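Scroll down for the structure; my scribbles are underneath it.
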Protein chains: 2
Amino acid sequence: MTPTIKDVAAAAGVSIGTVSKVINKSGFVSERIRERVLLAISLLNYKPNAIARSLKQSKTKLIGILVDDISNLYTMKIIKAVENFAYEMEYNLISCSHNNQAEQEKKALQWLLEKRVDGIIIMPIGSDLDDLNVPNIMPLVFVETKDKNERFDSVIHENMHTSAGLVEHLYSHGHRKFLFIHGSLRHSAEKEKLVGIRQAISNLKLDIDEQNFLDAGTTLDSIAASVRNYLKHEGLPQGIYATNHLALAGTIRALWDMDIRVPDDIAIVGFGDIDTYGILKPSVTVAKQDPYEVGKIAYETLFERIEMDKPISEPKEFVISPKIILGASCGCHPIVNHRVPEVLSHLINETFHSE
Amino acid sequence: MTPTIKDVAAAAGVSIGTVSKVINKSGFVSERIRERVLLAISLLNYKPNAIARSLKQSKTKLIGILVDDISNLYTMKIIKAVENFAYEMEYNLISCSHNNQAEQEKKALQWLLEKRVDGIIIMPIGSDLDDLNVPNIMPLVFVETKDKNERFDSVIHENMHTSAGLVEHLYSHGHRKFLFIHGSLRHSAEKEKLVGIRQAISNLKLDIDEQNFLDAGTTLDSIAASVRNYLKHEGLPQGIYATNHLALAGTIRALWDMDIRVPDDIAIVGFGDIDTYGILKPSVTVAKQDPYEVGKIAYETLFERIEMDKPISEPKEFVISPKIILGASCGCHPIVNHRVPEVLSHLINETFHSE
DNA sequence: CATTGTAATGAAAGCGCTTTTAAATTATAA
DNA sequence: TTATAATTTAAAAGCGCTTTCATTACAATG
């Protein structure tokens, strides 16, 4: 049905080896023959079968990207960045969401391996990948979470100090009673952020207990619902700190739903993407995570591994230090004369202006 | 390096044909042998090579989805829907953005064809696909735009009457001077919407000329910039009608930037996704486009074509009639006693409540 | 003229699998 | 025991390509 290299060879009156050489611009082919082959190709509307080529070459020009949920805005921007770079290198992306379900993650990973993708970028569900039997030779980079077993590269953010910084930011605006909304503690990132929070609590001698921590779920809706529910029963804290993009979005949504005004009624800070939260009014103070940068580094790291074509000897860990971008979500003026903790003053390097 | 079926066969002391039968649960294999083979598979951590299988079977279990931009919220939701259904059927998605560039679209499509995907879902840039030489046998469905050449299936919205309905909605709230923000007229959908607008203008005897139409671009930022620029120079109309999701988002962004209040200063309506615009305050009156539904129909149509495995004889065209969901973005009360045009009363079947 | 070198082409193997066909084994009946 | 059938396994072809290696054609050289 679809023409093969054989048909082209027959039409051009040459051997299939010669056609292959024309297509791949390899070896010696005289100009006269080359043109005849090219003509036959366009006449037959021949498209080389990448499957056959992949089988022969053991390269698929395919990158698998396995994430929590492509409809998560932050995640999607990472994918978009990877896609941009992959396009340049003529790679295509197989993208899968695991929707925070271990079973889906396992299945998707299995499919990617069977499809012999050249590399994998993974934002895992949190369980380690040991039982998934990913071979060491597979180029693979973790994103936003560390590899527990330290077998593979990862690109992550500095979480602990940044997290402490956000607490101190709230503190510096005079707030004392907080609610912390975080994600699943299976993720190394979330655990680190909590460590930072507890450190700050201890340093600042805050009166905060376990009741002020809320694991709100994995979807925007469930988070918003949890927050609404919490606020309804526990009343308003002075400040909310949402430890990740989704938690922050869910929190804002909940406040919106409940007509709670920021910063008049409550202060909020969080980790997130400035393009999303910077344009809000009032703009939200965030530890800025740039998904484009994450995608770029992830792609570059992966690409290098693919090119190297040998097992990972030394897994690399890229740590991006987020800057705290001041918004107006904590009230306009920090308490004057308040000691700004050292760590905080380092983090605040940049202020976001909405055009 | 990676174990092959041969290694498994050797380890289990059987032929590769037998191993294949075990993997595919086909033919007769005695229980004793089956267990031996299964053991060898897990011992070797063998993963069948989908490439080799694809070559043999001429099926890849891969669906290509070529869209304007995966980071477009509306588009992304379509992808998400397709992904959900594809997962059930054990298909993977190769997703590509063409970013509204003809060259990228062509290249991506070429890659998908070479990779022998089992089917393609495409939201084209608007140029017709004639010169892309997609073979008729390829299962392919257009989304949000018609196939000019009527070779392939498509799932689209009813645009003309719905569009007229939105104009009439603005009219019924007492507004007379409008700005129409639309996308590229290469898209059949956009053209149809403009036809509807002109019909309504003529029916309602509105005094509106070409200056009130704005082709604002293809990215959120460019649209927002165009709108800001227009409003700065031309002043405020009474109502803005943005003909698609992106135009609506850009418009809202621009109004936000300029501190123009809705509906106090201006009324807005548009085509869009209720999940996005329904939660805004004030909620925006939209002709509701449900990306999940679009994705579902697109996938089902495609899947049927893939299963049928024969050339398209009768291309189908699925037309979804959007309902106009009333928000508060045009002012609360339509002018009483105003004749509600027939078409409008049909469209308004549903009202959106935010929980 | 024979020899060597160079450029261009073709023949053939093989990538890892599925699937058809043939062969081997076992069970059943004569 | 032998013939026949039923069941199970092995052998081999081939999917469409790349790539190595051998071959051919031709010009240049001694």
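Here is how names work: the chains are called A, B, and so on, in the same order as the sequence lines, proteins then strands, and each is numbered from 1. What you are looking at is a predicted structure, and each value in this text was computed from that prediction instead of being measured.
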Please examine the side chains of Ile94(B) and Ser95(A), heavy atoms only from C-beta on, and report whether any two atoms are closer than 4.5 Å. no
So if I define the base as every atom that isn't primed, P, OP1 or OP2, how would nucleotides 11-25 of chain D read as a B/S/- string at a heavy-atom cutoff under 4.0 Å? ---BBBBBB------
Atom [atom1] of [X] to atom [atom2] of [N]: distance rounded to whole Å?
X        : N       : atom1 : atom2 : answer
Ile33(B) : dT25(C) : CD1   : C1'   : 12 Å
Arg34(B) : dT7(D)  : CZ    : C1'   : 17 Å
Lys59(B) : dT19(C) : NZ    : P     : 11 Å
Glu31(A) : dT9(C)  : CD    : P     : 11 Å

From the list Ile320(A), Leu302(A), Val141(A), Val143(A), side chain to side chain contact (heavy atoms under 4.5 Å, CB included) with Ile297(A) holds only for Ile320(A)
Side-chain H-bond candidate by donor/acceptor type, [X] with [Y], under 3.5 Å:
X         : Y         : answer
Asn92(B)  : Lys61(B)  : no
Glu190(B) : Ser184(B) : no
Thr301(B) : Asp153(B) : no

Which residue is it: Asn99(B), Asn100(B), Thr75(B), Thr219(B)? I am looking for the one with a side chain to side chain donor-acceptor pair (under 3.5 Å) to Asp68(B).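 That would be Thr75(B).
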